[in-house]
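Have a look at the structure below, then the notes.
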Amino acid sequence: MRYFPAFLDLDGRPCLVVGGGADAARKAGLLGAAGARVTVVADAPGAEMLDLVRSGAVALRRRPFADGDVAGRAVAIVATGDARADARASAAARAAGVPVNVVDRPALSTFVVPAIVNRDPVVIAISTGGTAPVLARRLREGVEALLPARLGELARFAASFRQAVKATVPDADSRRRLWQDFFDGPVAARILAGDARGARARMLALVNRPRTGADARGSVAFVGAGPGDPDLLTLRALALLQRAEVVVHDQPVSPAILDRARRDAERIAVGRGGAGRLLLESARAGKRVVRLKLGGAAGMGAESAALHAAGIAVEIVPGVAAPAFAHAVGI
């Protein structure tokens, strides 16, 4: 990973755009949307840039770039379309210690501008490090199609209850479980469906419900990893891996499969002796556990029965067996 991903707070900060064409106008618009105070330096601004100027979104200095223009800027974006002018502006910004992006010239840039999926306040940035901008745009289009239109509303709704949840549910583990129930359950579903009033009533009931010992119980999902290709994981298996706090896996499960689990999940490798006690202890501690096994999820009856007897919620998600997959593709 060459570039470290980060989100800059540019609200009210002075930023510079050098260039007056369509690329420069788009970047100036993005900076303005983030609350930056944008100054554009361009001797021949195009129609899109002039529209931004007339709307008051940016301030225009209609003249060629001067090295002193970068002084005091939080960031500079350069899009003149001229190689020599781009290089000069990049050198001035670097000399002044100002982060600079030169559009379509990663060698002249100290940061890259990603493809952006905006569900404010949820923002997803996709970058190929400047190597394949078209691929980044295609990935953005794919992510756009997957995300609910009201995802930002869901985030704002959750934020409006943060203090109430903290005051009502002082225990950190109980708060974590409450938020898991919120995002996985009917409250979030109502927000995404546009029913804010119904969601608020259900959320109040969720926050104010009595806490019992049952709330502290976790769950265990027995998940088949299939033949070892992460692209062959079922959608349910992928969802459970991304929610799991503990992943107990067979020794030969590939790193590519484990990489599909949430980043902060605890990963525990086990041998043939089974992991019944480990699963039970983790679930009793309130953890969401995935027991990951190559192939299907067969051969776990004893472990599953012990968990059922202890009152632990159990789910079994079969994987794609290697022989079945080979037959399906005609191997």
Side-chain angles (χ1 to χ4, degrees), residues 7-94 96 98-145 147 149 152:
F7 289 86
L8 299 177
D9 183 0
L10 297 178
D11 188 39
R13 301 184 68 189
C15 296
L16 177 70
V17 173
V18 182
D23 285 338
R26 283 191 287 271
K27 296 301 188 287
L30 286 174
L31 291 172
R37 292 189 290 111
V38 184
T39 298
V40 175
V41 175
D43 54 358
E48 292 182 47
M49 188 65 81
L50 290 174
D51 285 342
L52 290 176
V53 174
R54 283 190 287 268
S55 71
V58 303
L60 174 65
R61 295 180 182 174
R62 194 188 290 255
R63 57 169 174 75
F65 169 79
D67 290 358
D69 290 331
V70 298
R73 307 293 177 178
V75 299
I77 296 181
V78 182
T80 69
D82 178 88
R84 297 179 71 176
D86 283 352
R88 178 189 170 190
S90 171
R94 290 169 183 254
V98 175
V100 60
N101 170 261
V102 182
V103 174
D104 291 334
R105 301 184 192 276
L108 297 178
S109 304
T110 60
F111 73 94
V112 295
V113 178
I116 295 172
V117 179
N118 187 8
R119 296 287 192 276
D120 185 48
V122 179
V123 179
I124 299 171
I126 302 168
S127 174
T128 61
T131 60
V134 173
L135 175 59
R137 287 195 291 271
R138 288 191 175 183
L139 291 173
R140 179 193 64 199
E141 291 166 1
V143 173
E144 284 271 14
L147 294 181

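Nothing here was measured: the structure is a model prediction, and the numbers come from that model.
When all heavy atoms are compared, the tightest approach of Ala92 to Phe65 is CB-CZ, 3.9 Å. Shown here for Pro121 and Gly152, the closest heavy-atom pair between the two residues is CD-O, 3.6 Å.
Listed by chain and residue number, Arg88 satisfy the side-chain hydrogen bond (donor to acceptor under 3.5 Å, both in side chains) test with Asp67 (two or more places apart in sequence, or in another chain). Residues forming a side-chain contact (heavy atoms from CB on, under 4.5 Å) with Ala125 (at least two apart in sequence, or on another chain): Phe7, Pro114. In this view, Asp43 satisfies the salt bridge (charged side-chain N to carboxylate O under 4.0 Å, His left out) rule with no residue, not counting sequence neighbours. Scored by the side-chain contact (heavy atoms from CB on, under 4.5 Å) test, Ser109 finds Asn101, Val102 as partners (sequence neighbours excluded).
Looking at heavy atoms from C-beta onward, Leu60 lies out of side-chain contact with Arg54 at the 4.5 angstrom threshold. Contact annotation: the side chain of Val17 never approaches that of Val41 to less than 4.5 Å [non-hydrogen atoms, C-beta and beyond].
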Review item, side-chain donor-acceptor pairs of residues 68-83, under 3.5 Å, at least two apart:
unit_1	atom_1	unit_2	atom_2	d
Asp69	OD1	Arg63	NH2	2.7
Asp69	OD2	Arg63	NH1	3.0
Asp69	OD2	Ala66	N	2.9
Arg73	NE	Asp69	O	3.0
Arg73	NH1	Thr39	OG1	3.4
Thr80	OG1	Asp82	N	3.1
Thr80	OG1	Asp82	O	3.2
Thr80	OG1	Asp86	OD1	2.5
Asp82	OD2	Arg84	N	3.2
Asp82	OD2	Ala85	N	2.8

Do any side-chain atoms of residues 22-35 form donor-acceptor pairs under 3.5 angstrom with protein atoms, and if so which ones, sequence neighbours left out?
unit_1	atom_1	unit_2	atom_2	d
Asp23	OD1	Arg26	NH2	2.5

Counting only pairs under 3.5 Å, give me each side-chain donor-acceptor contact of residues 129-145, with atom names and distances, residues two or more places apart or in other chains.
unit_1	atom_1	unit_2	atom_2	d
Thr131	OG1	Thr128	O	2.6
Glu144	OE1	Arg119	NH1	2.8
Glu144	OE1	Arg119	NH2	3.2

| said: Using the rule given for side-chain contact (heavy atoms from CB on, under 4.5 Å), can you reason through Val100 versus Arg94, listing the C-alpha separation, both sets of side-chain angles and the distance that settles it, and then say yes or no? | reply: CA-CA 7 Å; Val100 60; Arg94 290 169 183 254; 4.3 Å; yes
| message | Let's go through Ile116 and Ile124 carefully: what are the C-alpha distance in whole Å and the side-chain angles of both, what is the deciding distance for side-chain contact (heavy atoms from CB on, under 4.5 Å) to 0.1 Å, and is it a yes or a no? | response | CA-CA 6 Å; Ile116 295 172; Ile124 299 171; over 6 Å; no
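The line from CZ of Arg13 to CG of Leu10 is 6.5 Å long, rounded to the nearest 0.5 Å. Leu16 CG to Arg37 CZ: the interatomic distance, rounded to the nearest 0.5 Å, is 12.5 Å.
Of the possible polar contacts, one joining the Ser90 side chain to the Leu108 backbone as a donor-acceptor pair under 3.5 Å is found.
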